[in-house]
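Treat the numbers as computed from the prediction; the structure is a model and nothing was measured.
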Amino acid sequence: MTQLGGVIKPKTKRSKRFLESRAPKLTETEKSAMIMKGGNTSETVTRALKDIYSLKKPNAVLYKKKNITRPFEDSTSLEFFSKKTDCSLFLFGSHNKKRPNNLIFGRLFDFHVLDMIELGIEKYVSLSDIKVSKFPEGTKPMLIFAGEAFDTDNEHKRLKSLLIDFFRGPTVSAVRLAGLEHVLHFTALDGKIFMRSYKCLLKKSGCRTPRIELEEIGPSFDFVLRRTHLASDDLYKLAHRQPKALKPKKKKNISHDAFGTKFGRVHMQKQDLSKLQTRKMKGLRKRKGEVVDEEQDAEAPKAAKVES
């Protein structure tokens, strides 16, 4: 590929297909995440990264080598790997004396860091520590958020949006009941975030609707919120902008009430009631004698005029 005036011109069909896959689209593909560890990590961080990678598969890239970088100080290496792997999400794990067992969740917009939130692991139970059957790989999870902080505090609001972006899975038009197997529950309480993972079990209930039970399968995290790097309101609004082709077109003269009932307004032309065809009934018919009398009354004035 050659670059002329800032425009990359492909030389082969393979490079052309590659550039077309990276080009902007009306409907973007599912977001992928790159999971990497820093220059110094602990066993807890390494296992945590592998467990989150197993939840995110197959839309994730796990880097096994150490990357000596500090995202809050210099994010150029993250942006480089984002362009290389076409990933818009990242998870970075590190460990030091000041911030032990550290995880940084982040996302990028136009290959530049948009949001970063640092969470410290206080308590951790891995997938392998809980000996129960797991869900299939690639299962779309159900996300539950509990706690007032997710609705009131700005940092927790942005964290909620980031976690939804990270774990939401593919966008589907329909879901079968048996496919609702995985539940991720996040609770914000006393400045901490508790993450739990459950498997949804459908039991017999004696009726058509099954009885639902939740079985914890791991991983389980107790996080504490540390540093944050949030995008400005203007940049955040720009990242959420949708193309005009995807915006739903407004339908005229259609409204909905508070209960969701749909109302339509129909505009009709002005009617001429003199040409209105009424129902023919015997009682409304005119008699022959009445018709003759009316004709005579109409001719009488004309005759008088002629005589004068």
Side-chain angles (χ1 to χ4, degrees), residues 30-38 44-45 48-49 51-56 59-60 69-73 75 78-79 82 87-96 98-110 112-125 140-171 182-198 218-241:
E30 186 184 351
K31 294 182 179 180
S32 298
M34 50 184 183
I35 300 174
M36 56 181 66
K37 54 185 177 180
T44 301
V45 172
L49 293 176
D51 284 350
I52 295 177
Y53 170 68
S54 64
L55 297 180
K56 185 63 180 172
N59 299 299
T69 182
R70 295 176 180 177
F72 279 91
E73 298 176 8
S75 59
L78 292 176
E79 294 170 358
S82 174
C87 292
S88 57
L89 301 167
F90 70 88
L91 175 61
F92 184 85
S94 61
H95 174 78
N96 53 49
K98 188 176 180 180
R99 297 182 182 89
N101 301 327
N102 208 38
L103 293 181
I104 301 175
F105 288 86
R107 54 186 168 185
L108 302 99
F109 170 66
D110 195 20
H112 295 285
V113 172
L114 182 70
D115 290 331
M116 284 190 299
I117 296 180
E118 189 177 67
L119 300 176
I121 302 175
E122 289 191 342
K123 185 179 178 182
Y124 165 62
V125 180
K140 183 178 174 68
M142 295 178 284
L143 304 178
I144 303 174
F145 292 87
E148 294 182 359
F150 285 126
D151 299 322
T152 57
D153 185 61
N154 187 38
E155 291 184 349
H156 284 77
K157 283 182 181 179
R158 199 65 66 88
L159 175 62
K160 178 181 177 181
S161 175
L162 179 56
L163 292 175
I164 290 175
D165 253 1
F166 200 92
F167 292 107
R168 67 182 301 172
T171 303
H182 186 206
V183 177
L184 283 176
H185 192 281
F186 299 92
T187 305
L189 183 65
D190 298 332
K192 297 182 180 180
I193 294 94
F194 303 94
M195 175 182 169
R196 299 292 183 267
S197 178
Y198 301 98
S220 172
F221 293 96
D222 290 358
F223 291 121
V224 59
L225 189 63
R226 290 177 179 167
R227 293 181 294 176
T228 59
H229 171 79
L230 305 180
S232 61
D233 294 337
D234 294 337
L235 182 59
Y236 192 71
K237 186 177 181 181
L238 179 64
H240 281 77
R241 183 179 295 176

To the nearest 0.5 angstrom, please state how far the [atom1] atom of [X] sits from the [atom2] atom of [Y].
X: Ser32; Y: Lys56; atom1: OG; atom2: NZ; result: 7.0 Å
X: Ser82; Y: Leu89; atom1: OG; atom2: CG; result: 9.0 Å
X: His112; Y: Glu79; atom1: NE2; atom2: CD; result: 5.5 Å
X: Ile104; Y: Ile117; atom1: CD1; atom2: CD1; result: 11.0 Å
X: Met195; Y: Leu119; atom1: CE; atom2: CG; result: 10.5 Å
X: Phe72; Y: His229; atom1: CZ; atom2: NE2; result: 8.0 Å

Any donor-acceptor pair under 3.5 Å from Ser197 side chain to Leu184 backbone
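Such a contact is absent between Ser197 side chain and Leu184 backbone.
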Return yes if some donor-acceptor pair links the side-chain N/O of Lys31 with the main-chain N/O of Cys87 below 3.5 Å, else return no.
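No, Lys31 side chain to Cys87 backbone: no donor-acceptor pair under 3.5 Å.
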Which class fits the ring pair Phe105 and Phe167: parallel under 30°, tilted 30 to 60°, perpendicular over 60°?
tilted
Checking Thr44 now: which residues fulfil side chain to side chain contact (heavy atoms under 4.5 Å, CB included) with it, not counting sequence neighbours?
Ser42, Asn101, Ile121, Tyr124
By side chain to side chain contact (heavy atoms under 4.5 Å, CB included), which residues pair with Lys37, not counting sequence neighbours?
Thr41, Thr46, Leu49, Lys66
State whether Glu118 and Arg227 are salt-bridged, where the test is any N-O pair (Lys NZ or Arg NE/NH1/NH2 against Asp/Glu carboxylate O) under 4.0 Å.
yes
Could you check whether Arg196 and Ser220, counting side-chain N and O atoms only, form a donor-acceptor pair closer than 3.5 Å?
yes
Yes or no on side-chain contact (heavy atoms from CB on, under 4.5 Å) for Tyr236 and Ser161, after CA distance, side-chain angles and deciding distance?
CA-CA 11 Å; Tyr236 192 71; Ser161 175; 3.3 Å; yes
